[in-house]
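Before any comments, here is the structure.
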Amino acid sequence: MYVEVALPLYIFQTFTYLVPKEIEIDVQVGCRCLVPFGKRSMVGYIVALHDEIDTEIESIKELLVIIDEEPIIIVEVLELTRWISDYYYAPWGESIKAALPAAINAAVEVTISVTEAGREQLNSLDASRIERSTKWKVLEQMASNKNLKSLEKDFQKSRLSSITRELEQTGLIQVEHQLEQKTRTKKQAAVRLNPNFTIEEYITKESQELSTNQKRVMDYLAASATAPFLTELLDGLNISVSVIRTLEKRGLVEIFFQNVRRNPLAHMEQPALMPTLSLTDAQAEALEQIVTAIFAEEYATFLLHGVTGSGKTEIYLRAMRAAIEIGKTALMLVPEIALTPVFSRRLCEHFGESVAILHSSLSEGERFDEWQRIYRGEAKVVIGTRSAVFAPIRNLGLIVVDEEHETSYKQDEVPRYNGRDSAIMRALKAQAVVILGSATPSLETYHNAYLKKYQYISLPERVAKRPLAKVEVVDMREVFRRHGKMQIFADELIEAIKEVQAKGEQSIVLLNRRGFSAFVICRSCGQSIRCRDCAVTLTYHREASRLICHYCNYQIGVPQACPNCKGPYIYYMGEGTEQLEAKIKELFPENKIARLDRDTTRRKGSFEKILGEFADGLIEILVGTQMIAKGHDFPNVTLVGVVSVDAGLSMPDFRSAERTFQLLTQVAGRAGRGNSPGRVIIQTYHPDHYSLQHACKQDYLAFYQQEINFRRSLYYPPFSVLVNIIIKHKELSQAQAQAAELAKQLRTASGDDRTIRILGPATAPLARLRAEHRLQILIKARSRTRAREILDLAMNSLSYNQQDLSSINIEVDPIDLM
Ligand code: ADP
Ligand code: ZN
């Protein structure tokens with residue numbers, strides 16, 4: 001028997017191994033195994049079994065160990081990873097690795113023991129002979145229990161591994177491979193009455209004089225339905241552990257280990273029970289269509305296009321319940337961790353213990369436990385971010401993708417998949433229903449609905465006919481003229497905040513840049529201070545008193561003089577949220593003000609704390625980045641001010657108008673969700689831009705029509721398939737050479753096919769990042785299959801010429817071209 005194994009390496013092929021007869025019975029597709037690869041051994045994933053193969057037997061190595069008794073990758077997920085590796089041009093093994101929680105990806109540890117023969121050999125040698133030979137020196141070290149890692153410090157690595165092999169082959173040492181599991185199921189000591197005793201025996205035993213404390217323990221245990229944890233018992237009765245130990249010695253109680261679930265929701269306050277809502281007509285109609293599809297148990301995708309505040313959440317919840325009712329399960333993807341506390345709370349309210357949560361800010365242990373609960377079938381509803389699309393949940397009836405247009409669904413490292421599109425593929429294979437929900441669907445999704453690939457459901461009105469917020473644009477050029485200098489806040493915005501505060505309502509002020517100042521410029525030489533490794537300016541953070549690179553986190557202290565010309569006139573330009581907060585505090589000294597951005601939410605739980613205080617009215621004005629723009633529901637917020645949208649509009653990217661439109665619509669959606677109407681004020685130097693104009697009227701359709709024409713005329717998605725290739729290297733000349741070669745191969749492969757355009761190589765918009773130079777090649781193709789063929793041909797010829805492919809990032813369906 002042979003197995004085909006995918007390895008988690010940047011290699012675009014699988015490998016075949018021979019299965020030793022005695023472990024054939026244990027081999028299953030979806031299990032991990034240990035295999036020799038080059039000079040080391042590695043954990044790989046079994047993706048297929050074969051009875052025979054074409055290659056010559058001699059060249060085939062034997063598999064070493066099967067790690068899992070049961071397949072750890074369920075068939076459905078294995079198929080999904082295969083699709084991802086084809087579609088997104090990523091190695092299969094890397095895709096599988098990404099599908100498993102990090103804690104499960106075990107490391108291999110090599111242990112070496114010197115055999116009896118090895119010890120005899122050492123004893124027969126005198127010290128000077130050992131001293132002269134590296135081989136004997138190594139053996140001597142091994143005999144004194146040095147492990148390989150520490151030996152690597154004293155001996156050359158390649159020499160060491162060849163000696164190790166020789167010693168093993170001559171029987172002087174034994175090499176064993178062991179898996180080192182980083183995270184295990186958590187166990188905790190618990191106490192129970194000795195189960196081998198009858199009640200009568202207890203009574204006689206107990207009559208043997210027990211101390212007061214011992215008696216209290218016995219009474220407590222007799223009265224508890226489940227065995228308490230040891231720590232809980234000690235704390236509860238305020239006794240020392242010796243009391244329990246004595247009882248244990250006398251055979252009255254037993255200390256044992258119990259599995260503990262690390263519950264990510266354990267510290268969450270119990271949700272207030274929501275009154276059961278009666279659905280609006282529009283909600284009821286939407287739900288009806290979706291539920292019919294769920295009951296049909298066939299694949300279907302719906303675009304639920306509902307304006308902000310139209311009550312999409314209620315539809316998700318009821319659709320999930322419908323799936324559970326017919327014995328199926330449901331998966332819900334959300335774009336950001338930020339949104340999960342709210343949703344998870346509501347899900348728990350509806351589905352109790354059968355909810356599992358998967359997202360990256362869980363601790364490794366929590367994640368591991370949640371994953372196990374799903375794997376064992378204990379969770380019927382899973383909620384999580386992007387990678388939850390790989391949850392080992394069986395029998396799926398429904399997948400919800402909330403805020404489907406969000407860029408955070410795209411992973412920006414290998415495998416570079418989109419969680420939304422992968423969810424649709426997973427649903428197709430599982431014959432499940434998908435709901436894509438958004439107030440501002442991505443152009444691609446809306447276009448697919450237009451083409452009838454997705455069923456379109458619209459919720460054009462807010463619940464209870466609440467009006468959408470009124471959006472006003474303030475022309476900052478005008479404000480500049482009025483004051484004769486730059487202003488952070490227009491008078492209109494300041495007035496509006498005053499009014500809102502006077503009424504006891506709340507406001508949000510948003511700016512998409514954290515820190516205090518965007519640039520630090522020297523007035524003498526005109527140079528701005530830039531990151532050492534990236535082609536961007538450093539941002540001044542006043543609280544931390546540092547200049548920080550927002551791409552790689554490189555930091556320096558605040559310079560007293562210009563590092564370039566030593567001039568003393570350092571000048572800070574452009575504002576960030578830190579400065580905004582300071583200014584607002586100055587303008588509104590009476591009000592309670594807080595800031596929400598990556599800097600203030602670094603500590604675990606601080607995000608929830610700030611949002612909680614805002615919801616409770618303890619904070620009156622909230623300043624922050626787009627983190628505050630999404631998904632939250634604060635009924636008392638009646639004003640949102642956007643300090644500047646111009647940075648977003650001037651990005652060199654074909655999606656910049658779409659992004660800006662989405663952001664503004666989402667922001668506007670935060671205002672006026674309660675009974676008072678909302679107001680949105682947007683400050684800009686480009687008041688005539690079409691994405692601002694349509695966002696003001698909150699007219700998605702008008703925006704779509706204008707934008708889709710732009711995409712058509714420039715041959716951008718959805719009218720073409722894009723593949724963005726970034727070639728990176730520390731040496732510019734190397735990057736240039738490789739990019740030129742790749743572009744040449746791509747052009748050769750595409751021949752005179754006029755449906756394909758190869759653009760570049762050109763300097764990437766981010767010309768340098770993390771000390772690497774970046775060049776860009778863009779493929780625009782009409783057909784996905786053709787794009788893939790060309791890419792395959794070009795990449796194959798590069799690897800045929802022994803080029804290092806790891807410096808080439810391939811991104812299929814890129815979310816931006818930066
Ligand atoms: P969306 O996700 O579409 O922006 P939400 O689902 O957050 O909207 O709903 C907006 C608000 O309306 C929430 O406070 C929600 O509790 C409320 N809501 C939803 N459906 C109903 C209903 N049928 N009746 C009354 N209130 C509702
Ligand atoms: Zn940097």
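Index from 1, following the sequence. Read the numbers this way: they start at 1 and go in the same order the structure lists the ligands and their atoms. Predicted model only: the values in this text are computed from it and were never measured.
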Side-chain touch Leu358/Thr385, heavy atoms, less than 4.5 angstrom | no
Evaluate the side-chain proximity of Thr665 to Leu663: yes if any heavy-atom separation is below 4.5 Å, no if none is.
->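 Side-chain contact under 4.5 Å: no.
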Going by distance only, is there an N or O of [X] that falls short of 3.5 Å from an N or O of ligand 1?
X      : value
Gly311 : yes
Ser278 : yes
Glu314 : no

Just one of Lys429, Arg426, Arg394 clears the side-chain hydrogen bond (donor to acceptor under 3.5 Å, both in side chains) bar with Glu76, so which one?
->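 Single pass found, and it is Arg426.
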What atoms in ligand 1 come closer than 4.0 Å to a heavy atom of [X]?
X      : result
Val307 : 3 (O)
Leu279 : 23 (N)
Thr308 : 4 (O)

Is Gly309 in contact with ligand 1, taking contact as a heavy-atom separation below 4.0 Å?
-> yes
Sort out for me which residue in Leu304, Ile424, Val400 forms a side chain to side chain contact (heavy atoms under 4.5 Å, CB included) with Leu436.
-> Ile424
Examine the proximity of ligand 1 to Arg462 and report which part, side chain or backbone, both or neither, has a heavy atom under 4.0 Å away.
-> neither
Residue part near ligand 1, for Val463, under 4.0 Å between non-hydrogen atoms = side chain
Check: Thr638/Glu505 side-chain N/O donor and acceptor closer than 3.5 Å | yes
Inspect the contact between Glu658 and Arg711 and indicate whether a charged nitrogen and a carboxylate oxygen are less than 4.0 angstrom apart.
-> yes
For a quick test of your reading: what N or O donor-acceptor pairs under 3.5 Å do the side chains of residues 811-818 make, sequence neighbours left out?
unit_1	atom_1	unit_2	atom_2	d
Asp813	OD1	Arg784	NH1	3.3
Asp813	OD1	Arg784	NH2	3.0
Asp813	OD2	Tyr87	OH	2.9
Asp813	OD2	Arg784	NH2	3.4
Asp816	OD1	Met818	N	3.2

